[in-house]
Asker: 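Just passing along the structure, written as structure tokens.
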Number of protein chains: 2
Amino acid sequence: MTDADAPILAPEQQLCFAVYAAGQAFSRLYRPLLQPLGLTYPQYLVMLILWEGQPVTVTGIGRRLGLDTGTLTPLLKRLEASDLVVRTRSAEDERRVVVTLTEKGRQLKAEAKAIPEAVACASGRDLPDVMRLRDEINALSKALDASRGCT
Amino acid sequence: MTDADAPILAPEQQLCFAVYAAGQAFSRLYRPLLQPLGLTYPQYLVMLILWEGQPVTVTGIGRRLGLDTGTLTPLLKRLEASDLVVRTRSAEDERRVVVTLTEKGRQLKAEAKAIPEAVACASGRDLPDVMRLRDEINALSKALDASRGCT
DNA sequence: CAAAATTATATTGCACACAATATAAAATGG
DNA sequence: CCATTTTATATTGTGTGCAATATAATTTTG
């Protein structure tokens, strides 16, 4: 049997595709929940960080979400255009852009309160089970990142 | 305590973010593996389907990968520009676009053979464990999709 | 302290990803 | 058999996502 005829692993059988498809499923689930707030899912992740505490820098957000400035700068500009955040240069270090919530951005937190519960409910699992699966997937990510560059 | 002061669930604590981050980790892992083949990860998924069997229609690919034509049409055009596939209108049903491999596309299969093993190795798990996690994540996707539109 | 290296962000270009719309072909129903 | 509906794909517009590059501000070093 030549390589061109060899059986190939179908995407549906692979772990990477399962993760890919689960990401799509979460995206589909969040879209209608976030639409009333005028947020996309990545924008929601940024808002979660800001609701947790301010101010934060662009780099600080990027480190937590694993996103670089090519993604974050236009995303933050859209949030600024929606009057949810303000971007200002830091006085101490002019290289830093500090992101803070506007009053409108602060108030959006109340409207977002029901979302985590709706998502948890959609998963059809109890909290300990969700946490277990989350930790296992996080361990997977860590293993994948650790092995990059190695044999 | 007002809503604006209420504690918020940090992204790092949520299952959805774990899945999101794992997708990023897989993407980072695949990029250097696929770069020698001149493929992106979504293009690799399409090629896996074609290597499994031809011809396939655009809709057939989209159904398996969960992608719509707005994503697939330009992706397939890029694969065609790279001389890996050919797109032709079906004679029986002129609405269908049939995708087939070129000789170059067929031969690329041999170069891709080592990838699944490299990825499996990077996960640091044995095959049964990979399959168990895959099935669990697939069950999660199914639960998320099933609950959309309900309650 | 001045030159070199580092750090923080922005910009550009390319590639998904999806909603909404358009178009044309095929199937269906009266 | 013709009007309606459905199906298959394409197009457009918006929003990520990342590599590569640019720029300006800080830090480090000789």
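The chains referred to below are lettered A, B, ... by the order of the sequence lines, with proteins before strands, and numbering in each begins at 1.
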Asker: Which part of the nucleic acid, if any, lies within reach of A:Arg63 when heavy atoms closer than 4.0 Å are counted: base, sugar-phosphate only, or nothing?
Answerer: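 Counting heavy atoms under 4.0 Å across all strands, no contact is made by A:Arg63.
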Asker: So that I know where these two stand, are B:Phe26 and B:Tyr41 an aromatic pair - ring centroids less than 6.0 Å apart?
Answerer: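 No, ring centres 6.0 Å or more apart.
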Asker: Can you confirm whether A:Trp51 sits close enough to A:Leu108 that some side-chain heavy atom of one is under 4.5 Å from a side-chain heavy atom of the other?
Answerer: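 Side-chain contact under 4.5 Å: yes.
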Asker: Would you mind listing the cluster partners of A:Leu9? Hydrophobic ones only (ILVMFWY), side-chain contacts under 4.5 Å, chaining allowed.
Answerer: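 Hydrophobic cluster check, A:Leu9: no partners found.
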Asker: Strictly below 4.0 Å: does B:Arg95 bring a side-chain N or O up to OP1 or OP2 of C:dA24?
Answerer: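 The answer is no; no side-chain N or O of B:Arg95 sits under 4.0 Å from OP1 or OP2.
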Asker: In this structure, how many angstroms lie between the P atom of D:dT26 and the CD atom of A:Glu94, rounded?
Answerer: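 Value for this atom pair: 6 Å.
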Asker: Ignoring backbone atoms, test whether B:Lys77 places a side-chain nitrogen or oxygen under 4.0 Å from the OP1 or OP2 oxygen of C:dC16.
Answerer: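 So the side chain of B:Lys77 is outside the cut-off, no N or O lying under 4.0 Å from OP1 or OP2 of C:dC16.
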Asker: Can you check the B:Arg96 CZ to C:dT23 C1' distance for me, whole Å?
Answerer: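 Taking atom C1' of C:dT23 as the reference, CZ of B:Arg96 is at 17 Å.
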Asker: What's in the same ILVMFWY side-chain cluster as B:Val98, cut-off under 4.5 Å, chained through other members?
Answerer: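 ILVMFWY cluster around B:Val98 holds nothing else.
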Asker: How would nucleotides 13-20 of chain D be written as a contact map, 5' to 3', with B for base contact, S for sugar-phosphate-only contact and - for no contact, using protein heavy atoms under 4.0 Å?
Answerer: --SBBBB-
Asker: Quick one: which of D:dA25, C:dA26, D:dA10 gets closest to the side chain of B:Val58?
Answerer: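 Of the candidates, D:dA10 comes closest.
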Asker: Whole-Å distance between C:dA8 P and A:Ile61 CD1?
Answerer: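 In whole Å, C:dA8 P lies 14 Å from A:Ile61 CD1.
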Asker: Check whether B:Phe17 and A:Ile115 end up in the same hydrophobic cluster, where Ile, Leu, Val, Met, Phe, Trp and Tyr are linked by side-chain heavy atoms less than 4.5 Å apart.
Answerer: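 Yes, one cluster joins them.
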Asker: For A:Leu76 and C:dT11, what is the distance between atoms CG and P respectively, to the nearest whole Å?
Answerer: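 My rounded result for the distance is 13 Å.
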Asker: Rounded to whole Å, please give me the gap between CG in B:Leu72 and C1' in D:dA10.
Answerer: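 Taking CG of B:Leu72 and C1' of D:dA10, I get 12 Å after rounding.
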Asker: Pairing donors with acceptors under 3.5 angstrom, does anything connect the side chains of B:Arg31 and B:Ser27?
Answerer: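 Yes - a donor-acceptor pair under 3.5 Å links their side chains.
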